[in-house]
Amino acid sequence: MKNYKFTINGKNYSVDIVDIEDQVATVEVNGAPYQVELEVAVPAPKPVLRVAAPATPQATPKPANVPQAAPASSGTHVIKSPLPGVVLDFFVKEGDTVKPGQHVIKLEAMKMENMIDADQEGVVKEIRVHRGDSVMEGDVLIVME
C-alpha cells in the first residue's frame with residue numbers, strides 16, 4: 001500500500017492507495033474509503049497478492065499520475081506480488097485448480113525465497129510473468145477465475 005501526504009487549501013490529507021484495477025483505484029483519504037476513476041491510464045511496468053474489498057464510494061476525487069496495475073475483467077481474481085523481487089519458480093500452470101493457501105509462485109526478494117500463496121479458490125486463467133522476470137509490489141502475477 002502506498003501512502004501520500006497532501007495539503008490542499010491548508011487542509012492535510014493522508015491518502016493510501018489500496019488497489020488499482022483497470023482505471024479504478026481503491027483509496028483511503030484520511031481513513032475514508034473511495035473508488036476513484038483515473039482520467040488517464042498509466043501503464044504498469046509489468047503485469048502480480050492482495051485484492052482489497054471494494055470500498056463504498058462517498059466522493060470521487062481525481063488523483064493525477066497514479067500508477068495502474070494490470071487490468072482484470074469482472075469475475076476474475078488476481079494474485080499480486082506483495083513485494084519487489086524476481087520470479088524463481090511456478091507451482092501451478094494455466095488451467096490448474098488452486099485452493100487457498102496453496103503455493104503458486106516462488107519469488108526471490110533481498111536474497112530470500114518467498115512463497116506466494118493463493119488467497120482463495122479458483123482456476124488459473126493466465127500466468128502473466130515468466131521465470132527470471134523482475135516484478136514490483138502490486139504487479140499482477142496470476143489471473144484466476
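All residue numbers refer to positions in the sequence shown, counting from 1. The analysis underlying the following values was restricted to heavy atoms, covering all of them including side chains, and did not include hydrogens, waters or symmetry mates.
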Please find the pair of heavy atoms, one from Val15 and one from Val27, that lie closest to each other, and give the distance. CG1-CB, 4.4 Å

Is Leu83 reachable from Leu141 through a run of hydrophobic residues whose side-chain heavy atoms are each under 4.5 Å from the next? yes

I'd like to know if the side chain of Asn12 pairs up with that of Thr7 as donor and acceptor (distance under 3.5 Å, no hydrogens or angles considered). yes

Of all residues at least two apart in sequence or in a different chain, which pass the side-chain contact (heavy atoms from CB on, under 4.5 Å) check with Lys99? Gln102, Glu121

Heavy-atom distance under 4.5 Å between the side chains of Ile105 and Phe90, does that happen here? yes

Pick out which of Ile127, Ile142, Val123, Val143 makes a side-chain contact (heavy atoms from CB on, under 4.5 Å) with Glu94. Ile127

Looking at side-chain heavy atoms only, is the closest gap between Val98 and Phe91 below 4.5 Å? no

Hydrophobic clusters here meaning ILVMFWY residues chained together by side-chain heavy-atom distances under 4.5 Å, can you tell me if Val36 and Val29 are in one? yes

Between His130 and Val87 the two heavy atoms that sit nearest each other are O-CB, 3.5 Å

Are side-chain heavy atoms of Leu107 and Leu88 found at a separation under 4.5 Å? no

Sub-4.5 Å side-chain heavy-atom contact between Pro82 and Ile116: yes

Testing the basics here: between Asp89 and Arg131, what is the closest heavy-atom pair and its distance to 0.1 Å? OD1-NH2, 2.6 Å

Should Met115 and Lys106 count as side-chain neighbours, where that means a heavy-atom distance under 4.5 Å? yes

